[in-house]
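Atoms within a ligand are numbered from 1 in the order they appear, just like the ligands themselves.
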Amino acid sequence: MCGKAPAVHPPILVPSLLAGDHAHLADSAGWGEKLGLPWLHLDIMDGHFVPNFTFGPELLAALRRNGSKLYFDTHLMLNEPDRYVEAFAKAGASNISIHVEPDYDHAATLARIRALNCQCGIVLNPGTPARTIEPLLPLVDLVLVMTVQPGFGGQSFRRDMLPKLTQLATWRKVKGLNFRLEVDGGIDPLTAAECRSAGADTFVAGTSFFKAADRAAFAAAFAKL
Ligand code: DX5
Ligand code: ZN
């Protein structure tokens, strides 16, 4: 008997709005869209789980009212994500990813996200081992491996996260699972190539995307990974 063959996801580049122009967020959100990039990464920080603040659900709602049809890849860096998933779902999130580190019922929160008609993801800080999320893998659409300590853009890629990607990609294969494997932090075409070799397929890029002199060429480099 053959098991269900796991899907091979084509590589996608996901611009992170954190590195956009905060005085013109709708314009920045549209930059990837103009290049045909269907996803937008939204970093939500609460000043507790990470020492920084960013956006709330109202930004997602405002972008939707402004006509955005992008897939909102919503990365909650919150101590109590279970309290906020409904607000982000109602505001227009497509995917909601929650960190495994805070103490709450992860499986129940993932199920709640699904019940709100969103896809769901689980996120690991650099210091959190892959085994922490192994029981949750059948429940998620996406696993996000942080390749920097979350909280700020513009940090250097942590190459020591590559074995974690390899482990998760191996589990995905042997368990016949289908989740996307996303990386976030210090991603550019060169570091993305290393992550791709280790099994990643979904590449969040903030600083490198928004600072690229030729964003079309930058996006084309990711399509070839
Ligand atoms: C960091 C955020 C990232 C951030 C990445 O906590 O999760 O999404 O935007 O920024 P760069 O690509 O500049 O490392
Ligand atoms: Zn992020």
**OP:** Determine, for Trp39 and Arg180, whether the Lys NZ or Arg CZ falls below 6.0 Å from the six-membered ring centre while staying within 45 degrees of the axis.
**Re:** yes
**OP:** Would you please name every residue forming a ring-ring contact (aromatic ring centres under 6.0 Å, His included) with Phe55, sequence neighbours left out?
**Re:** His22
**OP:** Report the residues that fulfil salt bridge (Lys or Arg N to Asp or Glu O under 4.0 Å) with Glu134, sequence neighbours left out, ordered by chain and then residue number.
**Re:** Lys175
**OP:** Go through Cys118 and Asn95 one step at a time and tell me if the side-chain contact (heavy atoms from CB on, under 4.5 Å) criterion holds.
**Re:** CA-CA 5 Å; Cys118 291; Asn95 175 76; over 6 Å; no
Subject >> Protein N/O/S count near the Zn ion (ligand 2) (criterion: distance under 2.8 Å) >> reply: 4
Original post:
Using 30° and 60° as the class limits, which term best fits the ring planes of Trp31 and Phe210: parallel, tilted or perpendicular?
Top reply: tilted
Original post:
If you measure from the Lys or Arg side-chain nitrogens to the Asp or Glu carboxylate oxygens, is any gap between Glu33 and Lys69 under 4.0 Å?
Top reply: no
Within the protein, flag every N or O under 3.5 Å from an N or O of ligand 1, and note the pair and distance.
| unit_1 | atom_1 | unit_2 | atom_2 | d |
| --- | --- | --- | --- | --- |
| ligand 1 | 6 (O) | Gly151 | N | 2.7 |
| ligand 1 | 7 (O) | Asp43 | OD1 | 2.9 |
| ligand 1 | 7 (O) | His75 | ND1 | 3.3 |
| ligand 1 | 7 (O) | Asp184 | OD2 | 2.8 |
| ligand 1 | 8 (O) | Ser16 | OG | 3.4 |
| ligand 1 | 8 (O) | His41 | NE2 | 3.4 |
| ligand 1 | 8 (O) | Asp43 | OD1 | 3.1 |
| ligand 1 | 8 (O) | Asp43 | OD2 | 2.7 |
| ligand 1 | 8 (O) | Asp184 | OD1 | 2.6 |
| ligand 1 | 8 (O) | Asp184 | OD2 | 3.0 |
| ligand 1 | 9 (O) | Ser16 | OG | 2.7 |
| ligand 1 | 9 (O) | Asp43 | OD2 | 3.1 |
| ligand 1 | 12 (O) | Gly206 | N | 2.8 |
| ligand 1 | 13 (O) | Gly154 | N | 2.8 |
| ligand 1 | 13 (O) | Thr207 | N | 3.1 |
| ligand 1 | 13 (O) | Thr207 | OG1 | 2.4 |
| ligand 1 | 14 (O) | Gly186 | N | 2.8 |

**OP:** May I ask you to check whether over 12 heavy atoms, not counting those of Asp214, lie within 6.0 Å of atom CG?
**Re:** yes
**OP:** Could you tell me whether the side chains of Asn79 and His48 share a donor-acceptor contact shorter than 3.5 Å?
**Re:** no
Original post:
Does the distance from a Lys or Arg side-chain N to an Asp or Glu carboxylate O, for Asp201 and Arg172, drop under 4.0 Å?
Top reply: yes
